[in-house]
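To keep things clear, I will list the structure first and then write my remarks on it.
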Amino acid sequence: MHSAVCSRLSRIGLVHGGQRTLSLFSGTTTPSNWSKVVSDAEKIVGYPTSFMSLRCLLSDELSNVAMHVRKLVGTKHPLLNTARGFIYDSRNNLQMRGLVVLLLSKTAGPSHAASDLLAQDMVSGIYPSQRNLAEITELIHTAFLVHRGIVDLKEWTNSDGPLKDMEFGNKMAVLSGDFLLANACTGLAQLNNTKVVELISSAIGDLVQGIYYENSTHPEENGLTDDLDVATWEEQTFLSHGALLAKSCQAAMELARHNQEAQRLAYKYGKHLSLGHKLNSDLQPFVKSSVGEPVSFSLTAAPVVFHRQIVGQEKWRQQLQQAKTFRNQLDCSKLWAAVKSEKGVSSAVDLCRYHGNKALEAIQAFPSSEARSALENIASAVNKF
């Protein structure tokens, strides 16, 4: 049971010097210049992307859901933190996917095959259908964020707050997440493009599969998954964190009738940017924290996976045992020091930079423009720590 602690916390919260707080935004720390990069990019596409899903969020149906969510104020249910994040996202993470879709749409511009698409319908160089796609992408991402806030009641403890609050919060998370997803699917059908519907539908399937893998690799008893190597980590991370952006970028090219090569490059940019962003997020506790500071990280974070692969399962088991406290829990600071002592962190940094460079390589195939420069800046920001 001792080594399940950090793993459990990666699902429903964080460890800070022995104190646990429920949070849905664990592992989303970003480089210090990320906010500026996103802010500059938003000016290029015409308006802040944080307003893209405003029509949905202000609808009567969701207003009713919001009234019930207000009952969670004062509880520790992670859905409340999710709702706060929609209003105030200081890290500029929530709208990143829609912003990238809009920037790619503007970078590629109209295609020669889109003669029947009226250029005068474009706003800031982006077709209305592409803006709708960006909104749909954000709604899908938000729906899954909300669903991730469902607390496993089997692991509920008294320190998490009253059980009835957790049960009510779970009901609200299911209801509001399903509502957002239903709105996204309705908007998807209204695009009247079967290939785009197929792409985004498959991305939703990938998300479900990826989250299932994430949950199945979180151990209940011994904190070990012998088959989780770096290749498996990349595959699972793409499903849960990269497929939606990659396929949305490809769908944006399809809406403007760009050829297969443009769609392939757009997909490649979205894929590598997402993987690089996740690697950067996983690396933050290891590159920002100092010895003696409270640390929090997942046992399935990229540096840990690299570390386990480098030292071998036997030594990893020994390190877990050495980090065990008298209360049969894990001292995360000891594990943090063990990971830092080997090459797991540097290997993860190298992989992060690889994906960032691959994203840069893909976007540089498009014509030079202000929008392309913004996409280059976003990819470059992923490589900075």
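Each residue takes its place number in the sequence, starting with 1.
A heavy-atom distance below 4.5 Å is found between the side chains of Leu188 and Val196. Counting only heavy atoms from C-beta outward, the side chains of Leu283 and Pro303 approach each other to under 4.5 Å. Using a 4.5 Å heavy-atom threshold, the side chains of Phe306 and Lys343 count as separate. A heavy-atom distance below 4.5 Å is found between the side chains of Leu273 and Met96. Phe144 has its side chain out of reach of Leu180: every pair of non-hydrogen atoms, C-beta onward, lies at least 4.5 Å apart. Looking only at side-chain heavy atoms (C-beta outward), Leu191 and Ile200 stay at 4.5 Å or farther from each other.
Here Glu261 pairs with Arg264 in a salt bridge; the nearest charged N to carboxylate O distance falls below 4.0 Å. A salt bridge links Lys268 and Glu361; the closest N-O separation between the charged side-chain nitrogens and carboxylate oxygens is under 4.0 Å.
Here the shortest heavy-atom pairing between Ala374 and Ile44 reads CB-CD1, 3.6 Å. Here the closest heavy-atom approach between residue Val101 and residue Ser248 is recorded as CG2-CB, 3.8 Å. In this structure, Ala262 and Asn259 approach most closely via the heavy-atom pair N-OD1, 2.9 Å. Among all heavy-atom pairs drawn from Leu239 and Gly210, the shortest one is CB-CA, 3.7 Å. Contact record, Ala184 with Ile140: CB-CG1, 3.6 Å, taken as the closest heavy-atom pair. The heavy-atom pair separating Cys249 from Ala266 by the smallest distance is CB-O, 3.3 Å.
A cation-pi contact links Lys271 to Phe238, judged by a cut-off of 6.0 Å to the six-membered ring centre and 45° from its axis.
Under a 3.5 Å cut-off, the side chain of Tyr213 and the backbone N or O of Glu235 do not form any donor-acceptor pair. Of the possible donor and acceptor atoms, one in the side chain of Ser111 sits under 3.5 Å from a partner among the backbone N and O of Arg257. Of the possible donor and acceptor atoms, none in the side chain of Lys278 sits under 3.5 Å from a partner among the backbone N and O of Thr237. At least one donor-acceptor pair closer than 3.5 Å links the side chain of Arg372 to the backbone N or O of Phe366. Side-chain N or O atoms of Gln130 include one that pairs as donor or acceptor with a backbone N or O of Ala252 at under 3.5 Å. Checking side-chain atoms of Asp206 against main-chain N and O of Ala243 turns up no donor-acceptor pair under 3.5 Å. At distances below 3.5 Å, at least one donor-acceptor pair connects side-chain atoms of Asn280 with backbone N or O atoms of Val382.
One finds the CD atom of Gln309 at 12.5 Å from the CH2 atom of Trp233 (value rounded to the nearest 0.5 Å). Taking CG of Leu255 as the start and CD1 of Ile126 as the end, the distance is 12.5 Å to the nearest 0.5 Å. Taking CZ of Arg97 as the reference point, atom NE2 of His241 lies at 7.5 Å (rounded to 0.5 Å). Note: Trp316 CH2 to His307 NE2 = 5.5 Å, rounded to the nearest 0.5 Å. Rounding to the nearest 0.5 Å gives a distance of 9.5 Å between CD of Glu135 and CD of Glu138. Rounded to the nearest 0.5 angstrom, Ile310 CD1 and Ser347 OG are separated by 4.0 Å.
For Ser380 and Asn377, the side-chain atoms include no donor-acceptor pair closer than 3.5 Å.
Here the rule is side-chain contact (heavy atoms from CB on, under 4.5 Å) with Ile363, and of Leu104, Leu103, Leu265 only Leu104 fits it. Considering Glu254, His258, Lys247 in turn, Glu254 is the only one that fulfils the side chain to side chain donor-acceptor pair (under 3.5 Å) rule with Gln263.
Cluster membership for Met253 and Leu199, using ILVMFWY side-chain heavy atoms within less than 4.5 angstrom, is not shared. One hydrophobic cluster, built from ILVMFWY side chains closer than 4.5 Å, holds both Val311 and Val304. Neither Val100 nor Leu360 shares a network with the other; the hydrophobic side chains, linked directly or stepwise wherever heavy atoms of I, L, V, M, F, W or Y lie under 4.5 Å apart, form separate groups for each.
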Query raised in the report: Hey, mind stepping through Asn357 and Asn383 against side-chain contact (heavy atoms from CB on, under 4.5 Å) and telling me if it holds?
Result: CA-CA 8 Å; Asn357 291 335; Asn383 287 340; 3.5 Å; yes
Query raised in the report: Would Leu244 and Thr137 satisfy side-chain contact (heavy atoms from CB on, under 4.5 Å), going step by step from the backbone distance to the final call?
Result: CA-CA 7 Å; Leu244 178 60; Thr137 301; 3.9 Å; yes
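The number of heavy-atom neighbours closer than 6.0 Å to CD of Glu198, taken from other residues, nucleotides and ligands shown, is 12 or below.
When the side-chain hydrogen bond (donor to acceptor under 3.5 Å, both in side chains) test is applied to His355, the partners found at least two apart in sequence or on another chain are Glu234, His272.
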